[in-house]
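Shown next, in structure tokens, is the structure this report addresses.
Here the structure is a predicted model, which is why all the values come from computation and not from measurement.
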Amino acid sequence: MTRQQIRSYLEFYRDLGIDAIYNQRPAKEPGLPAESSAVLPTFAPPGDTLQSILADMGDCRRCKLCEGRRTIVFGSGNERASLVFVGEGPGADEDEQGLPFVGRAGQLLTQMIDNTAAKEGIPIRRSDVYICNVVKCRPPENRTPLPDEMEICGQFLFRQLMAIKPKAICALGSTAMKALLNTKDGITKSRGKWHKWRKIPVMVTYHPSYLLRQYNQVARREAWEDLKTLLHFVYD
Ligand code: URA
């Protein structure tokens, strides 16, 4: 870990009211030095809410994505949703409006949710679910978030998920999948199957931006299938 990452971690824990962290595990055998571990678990304060998470984020400067952002895109939708969609990070439109998935990919996501639910006779719309991203600030040139950015901001995502406690989560694309699941598998292998994040079922599917590319007709059909499975699981 770099100094900057350690600083971000410590600031994060301090915001949670934790002001002492011990970075040592006892020695495996007497006489050997104590082991050092840099892996810090996610803590959520008791009674954590989306409002308190947002307040803790404040004018976040914990990673360098803050330098290029206009707005922190925290999340939107039903705070008591049974279903949460997790994307990668805000694009230009989201950064401008402060809301997730409002650009072209977002319009496709809205259509997918609304149309699939309507066709399947499930009485929900986009506003009934909750939508957020792994990172809350727009990466420059819309690049994929870096591991340290995902790790730092992922702490807030985990708190959001713990506060909402949905019946299921949908990971949109490989960044969301990597943030939630400890897997080295690619999206093609993982999509359409159930996984778990802390006991909550996770369905992995393609990111809507990928589906927007014209040659991805097969992927589109597969994503629709994944969404059908997910919606029936959550709302039947
Ligand atoms: N892509 C994402 O992953 N998230 C958004 O909010 C918009 C586009």
[X] (side chain) donor-acceptor with [Y] (main chain) under 3.5 angstrom:
X: Glu149; Y: Leu146; value: yes
X: Thr71; Y: Val73; value: no
X: His195; Y: Ser190; value: yes
X: Ser52; Y: Asp48; value: no
X: Lys136; Y: Cys60; value: no

Check: Crowded around Lys167 NZ? As in, over 12 foreign heavy atoms under 6.0 Å?
Finding: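 Atom NZ in Lys167 is packed in, count exceeds 12.
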Margin query: Using a 6.0 Å cut-off, check whether atom CZ of Arg80 has over 12 heavy atoms from anything other than its own residue.
Written below: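 No, not enclosed.
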Margin query: One pair to check against side chain to side chain contact (heavy atoms under 4.5 Å, CB included): Val202 and Lys196. What are the steps and the verdict?
Written below: CA-CA 5 Å; Val202 176; Lys196 282 247 159 101; 5.8 Å; no
Could you measure the distance from the [atom1] atom of [X] to the [atom2] atom of [Y]? Nearest 0.5 Å is fine.
X: Thr49; Y: Leu54; atom1: OG1; atom2: CG; answer: 9.0 Å
X: Gln97; Y: Arg70; atom1: CD; atom2: CZ; answer: 10.5 Å
X: Phe233; Y: Cys170; atom1: CZ; atom2: SG; answer: 12.5 Å
X: Cys137; Y: Ile152; atom1: SG; atom2: CD1; answer: 11.0 Å
X: Leu50; Y: Ile164; atom1: CG; atom2: CD1; answer: 4.5 Å
X: Asp236; Y: Ile122; atom1: CG; atom2: CD1; answer: 5.5 Å

Check: How far apart are the C-alpha atoms of Glu222 and Tyr206, what are their side-chain angles, what is the distance that settles it, and do they pass the side-chain hydrogen bond (donor to acceptor under 3.5 Å, both in side chains) test?
Finding: CA-CA 8 Å; Glu222 288 172 336; Tyr206 296 114; 2.9 Å; yes
Output yes when [X] and [Y] qualify as a salt bridge under the 4.0 Å nitrogen-oxygen rule, no when they do not.
X: Lys64; Y: Asp148; answer: yes
X: Asp59; Y: Arg69; answer: yes
X: Arg126; Y: Asp114; answer: no
X: Arg138; Y: Glu94; answer: no
X: Lys193; Y: Asp226; answer: no

Can you name the nearest heavy-atom pair linking [X] to [Y], along with the distance?
X: Gly89; Y: Asn133; result: N-OD1, 3.4 Å
X: Ile187; Y: Gly173; result: CD1-C, 3.5 Å
X: Gly58; Y: Ile72; result: O-CD1, 3.3 Å
X: Leu157; Y: Cys132; result: CD1-SG, 3.7 Å

Margin query: Set out, in order, the CA-CA distance, both residues' side-chain angles and the distance that settles side chain to side chain contact (heavy atoms under 4.5 Å, CB included) for Ile113 and Ile124, then state yes or no.
Written below: CA-CA 8 Å; Ile113 297 170; Ile124 61 133; 4.1 Å; yes
With a 4.5 Å heavy-atom cut-off, do [X] and [Y] have their side chains touching?
X: Pro166; Y: Tyr130; answer: no
X: Pro208; Y: Leu172; answer: yes
X: Trp194; Y: Leu230; answer: yes
X: Phe74; Y: Pro100; answer: no
X: Phe158; Y: Leu180; answer: yes
X: Leu161; Y: Trp197; answer: yes
X: Ile169; Y: Val86; answer: yes
X: Pro145; Y: Glu88; answer: yes

Margin query: Checking Cys153 against Val134 for the side chain to side chain contact (heavy atoms under 4.5 Å, CB included) test, could you report, in this order, the C-alpha distance in whole Å, the side-chain angles of both residues, the deciding distance, and whether it holds?
Written below: CA-CA 7 Å; Cys153 214; Val134 177; 5.7 Å; no
Notebook entry, point to check: What's in the same ILVMFWY side-chain cluster as Val102, cut-off under 4.5 Å, chained through other members?
Noted result: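 Answer for Val102: Leu99.
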Next item on the list: Given side chain to side chain contact (heavy atoms under 4.5 Å, CB included), test Leu227 with Thr205 step by step and report yes or no.
Entry: CA-CA 8 Å; Leu227 196 53; Thr205 194; over 6 Å; no
Next item on the list: Give the C-alpha distance, both sets of side-chain angles, the deciding distance and a yes or no for salt bridge (Lys or Arg N to Asp or Glu O under 4.0 Å) between Arg104 and Asp93.
Entry: CA-CA 9 Å; Arg104 255 164 51 80; Asp93 295 309; over 6 Å; no
Next item on the list: Identify, with sequence neighbours excluded, every residue that meets side-chain contact (heavy atoms from CB on, under 4.5 Å) alongside Lys228.
Entry: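 side-chain contact (heavy atoms from CB on, under 4.5 Å) check on Lys228 returns Thr116, Glu120, Glu225.
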Checklist line | Ring-face cation contact, Phe156 with Arg62, 6.0 Å cut, 45° max | finding: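 No cation-pi geometry.
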Check: Taking Thr183 as the fixed residue, which of Lys178, Lys189, Met177 is the one that meets the side-chain contact (heavy atoms from CB on, under 4.5 Å) rule?
Finding: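 Per the side-chain contact (heavy atoms from CB on, under 4.5 Å) rule, the option paired with Thr183 is Met177, out of Lys178, Lys189, Met177.
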